[in-house]
Amino acid sequence: MKAALLRTWALTAGGLGAATLVGCSMPNSSNPTLSINQAKVSGDTASLAMQIDNPSDMDLHVESANWSLLYGPLPVAEGDWDLGVSVPRGSSYQFSRDVRFDAPPLDPNAGEVELTGSLDVRTVGDQGNTALHGAGFSASRKVSR
């Protein structure tokens, strides 16, 4: 009888411990990503259709993007975009921009663009040590003409 009571107590305590661990799990604080869905180059301008994905468990506010565009082997433009958009947990934000080249491309027939930079991101609400404050990105896409 004592052995059965001890076994029942051990199973109950183990189950409570497992439930406590599950209840205290850390939120998914994966960084947002920026990708290029479509890129078109015409003369000295690139038209980019992009997407910011928020895979985390937290709602985010994306203030801005600081970026550099490579076309051919060298950078052809750089700048900042003020975005000021909210991207809820598990969702995406799509946007497009036309980028005028600051410098002529070394290879005007290059087949790909690459956009690198950083996002100024803030977690909506207080998430303590798991709050997000920024994220880097590197995205490339074959160009159409």
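Quick note: residue numbers are just sequence positions, from 1. Note that the coordinates shown come from a computational prediction; the quantities given were computed from them, not determined experimentally.
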Enumerate, atom names and distances included, each donor-acceptor pair closer than 3.5 Å involving a side-chain atom of residues 135-143, sequence neighbours excluded.
| residue | atom | partner | partner atom | Å |
| --- | --- | --- | --- | --- |
| S138 | OG | E114 | OE2 | 3.1 |
| R141 | NE | I36 | O | 3.0 |
| R141 | NE | N37 | O | 3.3 |
| R141 | NH2 | I36 | O | 3.1 |
| R141 | NH2 | N37 | O | 3.2 |

Can you name the residues that form a side-chain contact (heavy atoms from CB on, under 4.5 Å) with [X], not counting sequence neighbours?
X	value
S144	K40
P104	none
L74	L106

> Do other residues, nucleotides or ligands put more than 12 heavy atoms under 6.0 Å from Q38 CD?
Replying inline: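 Open: at most 12 neighbouring heavy atoms sit under 6.0 Å from CD of Q38.
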> Should we say atom CD of E63 is surrounded by more than 12 heavy atoms from elsewhere, each under 6.0 Å from it?
Replying inline: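 Enclosed: over 12 neighbouring heavy atoms sit under 6.0 Å from CD of E63.
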> Does D98 have any side chain to side chain donor-acceptor pair (under 3.5 Å) partners at least two apart in sequence or in another chain, and if so, which?
Replying inline: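 Counting only residues at least two positions away or on another chain, D98 forms a side chain to side chain donor-acceptor pair (under 3.5 Å) with S47.
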> Does R97 have any side chain to side chain donor-acceptor pair (under 3.5 Å) partners at least two apart in sequence or in another chain, and if so, which?
Replying inline: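 R97 satisfies side chain to side chain donor-acceptor pair (under 3.5 Å) with no other residue.
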Kindly write out the residues that satisfy salt bridge (charged side-chain N to carboxylate O under 4.0 Å, His left out) with [X], not counting sequence neighbours, or none if the list is empty.
X	answer
R100	D44
D102	none
D80	none
D53	none

Considering all heavy atoms, the nearest [X]-[Y] contact:
X	Y	value
N54	V87	ND2-O, 2.9 Å
S92	Q51	OG-NE2, 3.4 Å
P32	V121	CG-CG2, 3.9 Å
A39	V113	CB-CG2, 3.7 Å
F101	L69	CE2-CD2, 3.9 Å

>> Contact between Y93 and V62 at the side-chain level, heavy atoms closer than 4.5 Å - yes or no?
In response: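 Not in contact.
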> L115 versus V99: any side-chain heavy-atom pair under 4.5 Å?
Replying inline: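 Heavy-atom side-chain distance check fails, nothing below 4.5 Å.
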>> To the nearest 0.5 Å, what is the distance between OG on S30 and CE on M58?
In response: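 Interatomic distance, S30 OG to M58 CE, rounded to 0.5 Å: 8.0 Å.
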> To the nearest 0.5 Å, how far apart are OG in S86 and CZ in R122?
Replying inline: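 Atom-to-atom, S86:OG and R122:CZ are 13.5 Å apart.
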>> Strictly distance-based, threshold 3.5 Å: is any side-chain N or O of N66 a donor or acceptor partner for the main-chain N or O of S118?
In response: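 Such a contact is absent between N66 side chain and S118 backbone.
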> What pairs of residues pass the ring pair (Phe, Tyr, Trp, His ring centres under 6.0 Å) test when at least one of them lies in residues 39-69, not counting sequence neighbours?
Replying inline: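 As it turns out, the ring pair (Phe, Tyr, Trp, His ring centres under 6.0 Å) pairs with a partner in residues 39-69, which skip direct neighbours, are W67-W81.
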>> For L60 and I52: C-alpha separation, side-chain torsions, deciding distance, then whether side chain to side chain contact (heavy atoms under 4.5 Å, CB included) applies.
In response: CA-CA 11 Å; L60 300 178; I52 296 173; over 6 Å; no
> What residues join L70 in its hydrophobic cluster, counting side-chain heavy atom gaps under 4.5 Å, either direct or through other members?
Replying inline: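 Besides L70, the hydrophobic cluster comprises nothing; the residue is isolated.
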